[in-house]
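Just the heavy atoms: all of them, side chains too, but no hydrogens, waters or symmetry mates, feed the values below. Both ligands and their constituent atoms are indexed starting at 1 by order of listing.
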Amino acid sequence: MKRLDIIPQPNKITFLGGETELDESKLAVEISPELGNEEYVLTAANGEIKLVGGSERAIFYGKQTLRQMGRVSPSVIIEDKPAFPYRGFMLDTVRHTFSIEETKKMIDAAASVKMNVMHWHLTDDQGFRAYSKRRPEATEKGSVRKSSDFGRLKENGAYGGYFTPEEMKEIVDYCAERYITVIPEFDVPGHCSALIHAYPQISCTGEKIEVKTSQGIYDDILCAGKDETFEVVFDILSDLLEIFPSEYIHIGGDEAPKKRWKECPHCQKRMRENGLSSEEELQSWFTNRIIDFLASKGRKTFVWNESLKGGSLDKNAVVQMWMDRKKLSVDFANNGGKMINSEFFRYYCDYPYSMTPLIKTYRYNPVIKGIKNKESVVGVEAPIWTEYINNFDRLCYMCFPRFTAVAETGWTEDKNKNAADFQRRFRIYTSILNEIGITPAPPEEWNPSALDRVTKTLYFFSGLLHRKK
Ligand code: ACM
Ligand code: ZN
């Protein structure tokens with residue numbers, strides 16, 4: 001036997017000949033300053049296992065590899081380190097929410113394949129799910145919607161819930177034990193209907209609106225002209241900073257229609273005062289003001305790629321590319337900025353396998369055309385949005401194997417990746433997911449036939465039209 005079945009595929013394996021028994025009680029661990037922070041060397045031969053890592057984190061990664069090697073392994077030296085420093089997944093707990101125990105299972109799965117970021121989408125039009133002690137109305141009023149009408153998925157009755165500071169801290173601590181950083185997302189200025197429901201005075205019109213019951217992009221966004229908007233946003237961010245120690249905080253910035261800003265005297269005044277010639281420039285101004293606030297607290301900022309449209313995004317922000325036809329993210333990266341890749345047609349896990357087959361996710365190279373310097377792409381992230389996912393089994397079906405494929409892309413050098421071999425190894429790795437309590441999509445669903453690709457994708461999109469109205 002001269003094969004190891006590990007996900008992510010280690011970057012260098014030297015087979016020494018013969019086999020060895022892996023008895024964890026014989027594991028010798030050492031930290032070496034010669035190795036990088038995420039780099040480890042694992043030697044298994046003659047019944048002895050030696051794990052050398054550049055840090056405790058690297059030792060943890062070596063142990064994840066060891067866990068997948070079973071009881072008997074070929075004798076080997078594994079010299080391993082990641083292709084990208086950022087390897088993440090995003091969980092939307094707004095459209096549907098998941099318990100702390102379920103969330104921990106996702107974290108366990110991520111840790112087992114050496115992912116190191118959980119991006120937690122906590123606020124949106126359909127609910128505000130992060131309790132703020134400075135602004136308790138945000139969840140008291142904004143965490144409940146009257147019903148749910150997501151295409152074919154309709155649920156009568158109120159839907160609500162939020163995470164207390166203690167619960168969020170529990171997730172932060174659980175992640176930290178697994179060397180995963182939690183980056184919370186408070187999405188502004190768009191996707192703020194739930195917040196505006198609680199604080200109507202910080203929208204342009206000042207009118208009360210409902211917490212949304214359907215998916216969509218809504219015109220009512222935070223007013224960039226009113227100072228009170230920033231008071232509320234900074235208060236909520238201040239509370240998040242007390243809970244989340246991450247270097248980066250995500251402030252969204254996606255899908256913010258400019259209709260209200262064009263008509264709003266406060267926003268227009270702000271533009272005149274700051275010499276801004278378009279509402280997109282006003283969004284850059286808005287974003288940079290929050291970036292400055294976070295910087296004053298020692299933090300940096302993540303934004304979705306729409307934040308680039310205004311042209312003057314602070315270079316310290318990291319851009320999360322998801323849908324960037326005009327390739328503003330590439331320009332940003334080529335001019336000293338940093339980006340992570342969450343490309344919609346490859347990495348969004350909420351779309352059916354018929355639209356995004358597993359091999360399409362797996363084969364995608366996140367260092368996209370036009371990028372001059374690989375280092376400007378800090379990594380990859382697989383988002384799962386949950387409009388059409390209202391239970392944990394469905395969440396797991398949509399996310400696995402896709403999260404795992406993105407994890408392998410984040411860790412394994414492109415030259416060491418192989419789609420067929422990944423799919424073979426995933427079948428073996430499934431036993432670890434099952435131990436965690438996760439059931440992935442079965443192999444026959446991963447790469448649908450040409451006919452299924454058309455019919456099932458049409459069926460999915462036709463479902464989105466099934467609104468009550
Ligand atoms: C997004 O999918 N609106 C970032
Ligand atoms: Zn306004």
Of all the heavy-atom pairs spanning Y131 and P136, show the shortest one and how long it is.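 Result for this residue pair: OH-CB, 3.8 Å.
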Of the backbone atoms (N, CA, C, O) and the side-chain heavy atoms from C-beta on, which set of Q320 has a member under 4.0 Å from an atom of ligand 1: side chain, backbone, both, or neither?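 No part of Q320 comes within reach of ligand 1.
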Looking at Y248, does the NZ or CZ of R299 lie under 6.0 angstrom from its six-membered ring centre and within 45 degrees of the ring axis?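 No, R299 and Y248 do not form such a contact.
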Could you list which atoms of ligand 1 come closer than 4.0 Å to a heavy atom of W385?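 Matching atoms, with element in brackets: 1 (C), 2 (O), 4 (C).
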How are the rings of Y353 and Y397 set to each other: parallel, tilted or perpendicular (split at 30° and 60°)?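 Perpendicular: the ring planes of Y353 and Y397 meet at over 60°.
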Does the ring of F84 carry K374 above it, NZ/CZ under 6.0 angstrom from centre and within 45° of its axis?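 Relative to the ring axis of F84, which defines the angle, K374 lies inside both limits.
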Below 4.0 angstrom from a heavy atom of W304, which ligand 1 atoms are there? Numbered from 1 as shown, please.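 Matching atoms, with element in brackets: 4 (C).
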To the nearest 10°, what's the angle at the Zn ion (ligand 2) between atoms SG (C223) and SG (C267)?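 Vertex the Zn ion (ligand 2), arms to SG of C223 and SG of C267: 110°.
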Please walk me through it: do D239 and R135 pass salt bridge (charged side-chain N to carboxylate O under 4.0 Å, His left out)? CA-CA 9 Å; D239 283 329; R135 297 287 176 170; over 6 Å; no
Answer yes or no as to whether an N/O/S atom of C264 is found below 2.8 Å from the Zn ion (ligand 2).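 It does; at least one qualifying atom falls short of 2.8 Å.
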For atom 2 (O) of ligand 1, what's the nearest protein heavy-atom neighbour? Residue, atom name and distance, please.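 Going atom by atom, the protein heavy atom closest to atom 2 (O) of ligand 1 ends up being Y348 OH, 2.5 Å.
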For atom 3 (N) of ligand 1, what is the closest protein heavy atom, and at what distance to 0.1 Å?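 Its nearest protein heavy-atom neighbour is D254 OD2, 2.7 Å.
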Of the backbone atoms (N, CA, C, O) and the side-chain heavy atoms from C-beta on, which set of F344 has a member under 4.0 Å from an atom of ligand 1: side chain, backbone, both, or neither?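 Near ligand 1, F344 shows nothing, with every heavy atom at 4.0 Å or more.
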Of E306, E279, E280, which meets salt bridge (charged side-chain N to carboxylate O under 4.0 Å, His left out) against K258?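 Single pass found, and it is E280.
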Does the side-chain contact (heavy atoms from CB on, under 4.5 Å) test come out yes or no for F400 and T430, once each step is laid out? CA-CA 9 Å; F400 299 97; T430 295; over 6 Å; no
Any N/O pair W322/ligand 1 closer than 3.5 Å: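 Min N/O separation from ligand 1 is not below 3.5 Å for W322.
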So if I apply the side chain to side chain contact (heavy atoms under 4.5 Å, CB included) rule between Y174 and each of V182, I100, D108, which one comes out positive?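 The side chain to side chain contact (heavy atoms under 4.5 Å, CB included) with Y174 is passed solely by D108 among V182, I100, D108.
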H191 versus ligand 1: do any nitrogen or oxygen atoms come within less than 3.5 Å of each other?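 It does not: no N or O of H191 is found under 3.5 Å from an N or O of ligand 1.
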Distance under 4.0 Å to a non-hydrogen atom of E255: what atoms of ligand 1 satisfy this?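 So the atoms of ligand 1 that pass are 3 (N).
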